[in-house]
Amino acid sequence: MNYKKILFLSLFICVMSFFCGCDKRNKLTSNTMILQIDPPVAISCNIGDAKQLKAIVRDSTKEEVGEPVKWSVSPAGLVEFVSSTSKTVDFIAKQVGEGKIYLSCQGVVTFVDVKVS
């Protein structure tokens with residue numbers, strides 16, 4: 001009798017998980033989000049150069065969506081972010097070296113390589 005209860009409870013949980021998640025299928029998740037940086041190529045610049053990057057966030061239907069994004073750099077101090085909107089970031093190259101500028105949105109991360117001379 002306990003096996004029937006366990007089987008029924010497991011089946012109930014699976015069915016509820018499926019139906020409760022249906023309303024979120026068109027929202028961004030790591031499985032359905034396309035996250036890009038424009039320009040998508042490595043950036044080479046000199047100290048003091050100003051550059052701009054654009055975030056492109058698309059849903060599973062490949063339509064652009066207005067989800068908030070976060071920009072970061074590694075190593076810290078390579079570039080300085082001077083302004084940012086929900087989709088663009090302006091930065092100035094601050095020190096010689098190589099690193100990456102990261103773009104993240106809802107747990108999905110992409111990056112572009114940066115080389116400062």
Side-chain angles (χ1 to χ4, degrees):
M1 191 68 158
N2 283 337
Y3 292 112
K4 288 183 180 179
K5 287 181 182 179
I6 292 171
L7 180 63
F8 178 75
L9 183 58
S10 298
L11 182 61
F12 178 76
I13 291 171
C14 289
V15 169
M16 290 306 295
S17 297
F18 176 78
F19 285 110
C20 291
C22 286
D23 64 331
K24 295 182 180 182
R25 286 188 184 195
N26 289 329
K27 292 187 180 180
L28 295 177
T29 67
S30 60
N31 295 330
T32 60
M33 183 188 318
I34 300 166
L35 187 60
Q36 297 172 303
I37 298 175
D38 185 32
V41 296
I43 299 168
S44 293
C45 53
N46 296 314
I47 290 178
D49 287 353
K51 300 282 185 177
Q52 183 179 74
L53 295 174
K54 178 182 177 190
I56 301 170
V57 183
R58 298 180 193 274
D59 63 13
S60 61
T61 64
K62 298 195 168 85
E63 294 292 322
E64 277 197 52
V65 293
E67 291 294 316
V69 299
K70 181 180 177 187
W71 297 93
S72 59
V73 63
S74 178
L78 182 66
V79 303
E80 178 184 344
F81 298 127
V82 292
S83 69
S84 179
T85 67
S86 62
K87 294 292 178 152
T88 62
V89 66
D90 295 317
F91 67 90
I92 296 175
K94 295 303 262 184
Q95 67 186 36
V96 173
E98 295 182 20
K100 298 180 184 317
I101 294 179
Y102 294 93
L103 170 64
S104 62
C105 180
Q106 294 191 11
V108 177
V109 179
T110 189
F111 66 88
V112 64
D113 291 316
V114 179
K115 182 177 181 180
V116 180
S117 303

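FYI, side chains are in, hydrogens and waters are out, and symmetry mates aren't considered; it's all heavy atoms of this structure.
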ask   = Is there a path of hydrophobic side-chain contacts, each under 4.5 Å between heavy atoms of I, L, V, M, F, W or Y residues, that connects Phe81 with Ile37?
value = yes
message = Would you compute the distance between atom NZ of Lys51 and atom OG of Ser44 and round it to the nearest 0.5 angstrom?
response = 8.0 Å
key: N/O donor-acceptor pair under 3.5 Å between Ser104 side chain and Gly107 backbone   = no
query = Hey, what do you get for CD (Glu80) to CD1 (Ile92), rounding to the nearest 0.5 Å?
reply = 6.0 Å
request  = Just do the side chain to side chain contact (heavy atoms under 4.5 Å, CB included) check on Ile34 and Lys62 with the steps written out, would you?
outcome  = CA-CA 7 Å; Ile34 300 166; Lys62 298 195 168 85; 4.0 Å; yes
request  = Answer whether the closest heavy-atom distance between the side chains of Ile43 and Leu53 falls below 4.5 Å.
outcome  = yes
message = My understanding is that a hydrophobic cluster links ILVMFWY residues whose side chain heavy atoms are under 4.5 Å apart, including indirect links. Using that, what else belongs to the cluster containing Val109?
response = Tyr102, Phe111
query = Where do Pro68 and Cys105 come nearest, in terms of heavy atoms and distance?
reply = O-SG, 3.4 Å
task = For Val116 and Asn46, work out which heavy atoms get closest and say how close.
result = CG1-C, 4.1 Å
query = Mind checking whether Val96 and Ile47 have side chains closer than 4.5 Å, heavy atoms only?
reply = yes
ask   = Any side-chain heavy-atom pair from Met33 and Val57 closer than 4.5 angstrom?
value = yes
key: Approximate separation, where rounding is to 0.5 Å, of Ser72 OG and Lys100 NZ   = 12.0 Å
task = Quick one: name the residues clustered hydrophobically with Ile56, using the 4.5 Å side-chain heavy-atom rule over I, L, V, M, F, W, Y, and just say none if it's on its own.
result = none
key: Reported CG-to-CG distance for the pair Leu103 and Asp38, which is rounded to 0.5 angstrom   = 11.5 Å
Minimum side-chain heavy-atom gap Glu63-Arg58 below 4.5 Å = no
ask   = Are any non-hydrogen side-chain atoms of Ile101 and Trp71 less than 4.5 angstrom apart?
value = yes
inquiry  = What I'd like to find out is whether the side chain of Gln52 reaches to under 4.5 Å of the side chain of Asp90, using heavy atoms alone.
reply    = yes
